[in-house]
Amino acid sequence: MQTEIEKIRHTGLQDIANAASPDDLERVRVAYLGRKGALTQILRGIKDIPDAERAAIGGAANRLYDELDKAITLRREVLLRSGRESVLKTEWLDVTRPGARPPKGHLHPLTKILREMTAIFAGMGFAVVEGPEVETEYYNFDALNIPAEHPTREMWDTFWLQGNQKEIANSKTQFPSKSQSANSKARRNGEKILLRTHTSPVQVRYMEKNNPPFRIIVPGRVYRYEASDASHDIQFYQLEGLLVDRAVSIAHFKAVMREFFSRFFKKDITLRLRPSYFPFTEPSFEVDMSCLSCDGKGCSVCKKTGWLELGGAGMVHPHVFAAAGYGRGEWRGFAFGMGVDRLAMMKYKIPDIRLFRSGDMRFLKQF
Ligand code: FA5
């Protein structure tokens with residue numbers, strides 16, 4: 001029996017050393033230590049060996065089991081390591097090679113312009129507030145001194161909506177909550193709703209809940225049901241401004257405009273204030289700028305006039321103060337509403353307003 005154990009030891013160690021792969025080695029393990037393996041057979045037969053020899057043979061067989069088991073473990077590690085190394089040799093990887101950069105997006109030109117404009121006004125002490133894009137007829141028109149039968153309603157072609165105006169009237173705004181007067185709530189009951197045609201409704205929404213003095217700007221999207229062309233779209237951004245205090249004049253407005261435009265364009269530009277009419281300001285004017293697309297010579301953007309209308313403005317009408325609940329003659333203020341898309345067109349020399357919402361990557365990638 002001893003010689004048989006010695007023979008198994010000899011061939012076993014040799015087979016383990018010769019195993020060329022982990023699979024090979026597994027076959028060797030099964031041949032010697034598996035359920036029907038050579039050494040396992042001997043271990044099973046130990047119980048039949050005469051008492052005198054059993055301890056010696058049993059001890060030798062168990063030691064051999066441990067020895068082969070250990071040799072198999074060591075050999076497996078060697079085979080696995082060399083396998084990994086050969087994979088590394090054939091599948092070579094250059095870890096210093098620069099990776100493929102995923103394409104990086106950027107802000108839309110209109111978002112950039114809005115942020116720039118907001119920053120300039122914030123620098124002049126204006127707070128930024130927002131209002132709902134789905135607006136009630138009252139705030140978009142009536143509160144701004146534009147009653148139903150008034151011909152100036154035609155100035156703003158409107159997208160009317162079907163829906164529950166109560167939800168809209170109470171829709172989220174940024175203003176600190178202050179209970180609305182029962183009167184104005186009742187007035188809005190049963191009213192029609194629309195996509196706001198300008199940012200001016202936020203003037204009254206804000207004044208209802210805040211007391212002067214204050215200065216605010218209201219950037220936001222507005223909608224008009226009208227034919228589009230190079231300088232008109234059905235959807236565009238406006239930036240409203242409202243400054244209310246005790247002694248405010250047009251001179252203050254002009255100073256604010258001059259400061260804003262010189263910071264925005266970072267160069268001298270020619271502005272003109274043209275007398276105009278808005279029901280919610282008195283006096284009213286349009287702010288025009290010499291067209292930068294054609295240097296005032298006349299092009300499709302400025303409709304061959306050399307001037308581009310950037311916004312409307314004026315001194316806040318007493319009826320608007322009254323709609324907000326302010327006492328007669330108590331406060332004075334100026335308001336303005338600029339077309340953000342038009343300003344972006346001037347700044348970046350964009351020939352057609354419709355490009356902003358075209359989704360054309362060739363256009364967007366230029367900013
Ligand atoms: C208004 O919307 C007034 N709410 C502005 C205002 C505010 C006046 C406060 C007085 C006091 P207007 O309809 O002119 O006014 O529009 C203002 C600006 O929006 C225009 O000067 C123009 O720059 C821009 N705008 C108007 N219609 C369009 C359009 N269809 N597409 C692109 N921009 C437009």
Side-chain angles (χ1 to χ4, degrees), residues 110 113-114 117 126 131 133 135 139-141 143-146 152-159 194-207 215-244 248 250 253 256-257 261 264 271-289 291-293 300-303 305 307-317 319-321 324 332-347 350-357:
L110 287 175
I113 289 288
L114 273 166
M117 294 173 77
F126 284 77
E133 289 175 26
E135 188 50 282
Y139 282 115
N140 198 79
F141 292 124
L144 293 170
N145 200 27
I146 318 172
T152 50
R153 279 214 183 183
E154 286 163 23
M155 281 165 76
W156 293 287
D157 296 308
T158 310
F159 288 109
L194 47 89
L195 288 177
R196 67 176 176 192
T197 56
H198 50 179
T199 40
S200 300
V202 187
Q203 287 187 28
V204 179
R205 280 186 177 271
Y206 186 82
M207 286 195 284
R215 49 188 104 168
I216 57 162
I217 52 165
V218 186
R221 243 189 307 249
V222 302
Y223 306 83
R224 301 225 178 144
Y225 181 60
E226 63 182 36
S228 60
D229 61 27
S231 57
H232 293 81
D233 211 342
I234 57 163
Q235 178 190 343
F236 56 99
Y237 280 95
Q238 280 189 345
L239 186 131
E240 189 87 5
L242 176 66
L243 184 149
V244 180
V248 182
I250 295 174
F253 169 69
V256 168
M257 283 298 106
F261 281 109
F264 183 75
L271 281 183
R272 81 176 177 190
L273 291 189
R274 184 163 41 89
S276 184
Y277 173 71
F278 293 101
F280 37 95
T281 46
E282 180 58 35
S284 306
F285 21 83
E286 304 277 359
V287 183
D288 294 343
M289 157 180 180
C291 183
L292 291 182
S293 275
S300 66
V301 173
C302 61
K303 297 220 178 80
T305 62
W307 294 93
L308 195 73
E309 181 194 306
L310 295 181
M315 301 303 291
V316 180
H317 197 288
H319 288 181
V320 177
F321 280 147
R332 285 169 64 81
F334 65 74
F336 57 86
M338 294 194 235
V340 176
D341 303 49
R342 299 250 180 109
L343 278 171
M345 288 168 79
M346 289 295 100
K347 182 145 186 168
I350 295 165
D352 197 315
I353 194 170
R354 292 164 292 197
L355 285 165
F356 286 124
R357 291 166 191 85

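Side chains are part of it too, since the values below use all heavy atoms of this structure and drop only hydrogens, waters and symmetry mates. Order of appearance sets the numbers: ligands from 1, and atoms from 1 within every ligand.
Residue A313 places no N or O, backbone or side chain, under 3.5 Å from any N or O of ligand 1. An N or O contact shorter than 3.5 Å links D233 to ligand 1 by distance. Residue-to-ligand polar distances place E309 within reach of ligand 1: an N/O pair is separated by less than 3.5 Å. Inclusion of E226 in the set of residues having an N or O under 3.5 Å from an N or O of ligand 1 is warranted. Considering backbone and side-chain N/O of Q238, one or more are found under 3.5 Å from N/O of ligand 1. The N/O atoms of T197, backbone and side chain alike, include none that comes under 3.5 Å of an N/O atom in ligand 1.
You'll find the ring centres of F253 and F285 inside the 6.0 Å limit.
At least one heavy atom of G311 sits closer than 4.0 Å to an atom of ligand 1. Residue-ligand proximity: G241 is placed with every non-hydrogen atom at 4.0 Å or more from ligand 1. In this structure, F280 has a heavy atom closer than 4.0 Å to ligand 1.
The contact set between ligand 1 and I353, taken as ligand atoms under 4.0 Å from a residue heavy atom, comprises 31 (N), 32 (C).
A cation-pi arrangement, defined by a distance under 6.0 Å to the six-membered ring centre and an angle within 45 degrees of its axis, is absent between R196 and Y139.
The closest non-hydrogen atom to atom 2 (O) of ligand 1, taken over M315, R196, R224, comes from R224. Evaluated by nearest non-hydrogen atom to atom 28 (C) of ligand 1, the leading choice among Y277, F236, F334, F336 is F236.
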Passes ring pair (Phe, Tyr, Trp, His ring centres under 6.0 Å), F280 versus H198? Steps please.
CA-CA 12 Å; F280 37 95; H198 50 179; 5.6 Å; yes
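For the side-chain contact (heavy atoms from CB on, under 4.5 Å) with V222, the qualifying choice from L195, T199, T197 is T199, the only one to do so.
Counted within 6.0 Å of OH on Y225, heavy atoms from surrounding residues, nucleotides or ligands total 12 or fewer; the atom is thus considered open.
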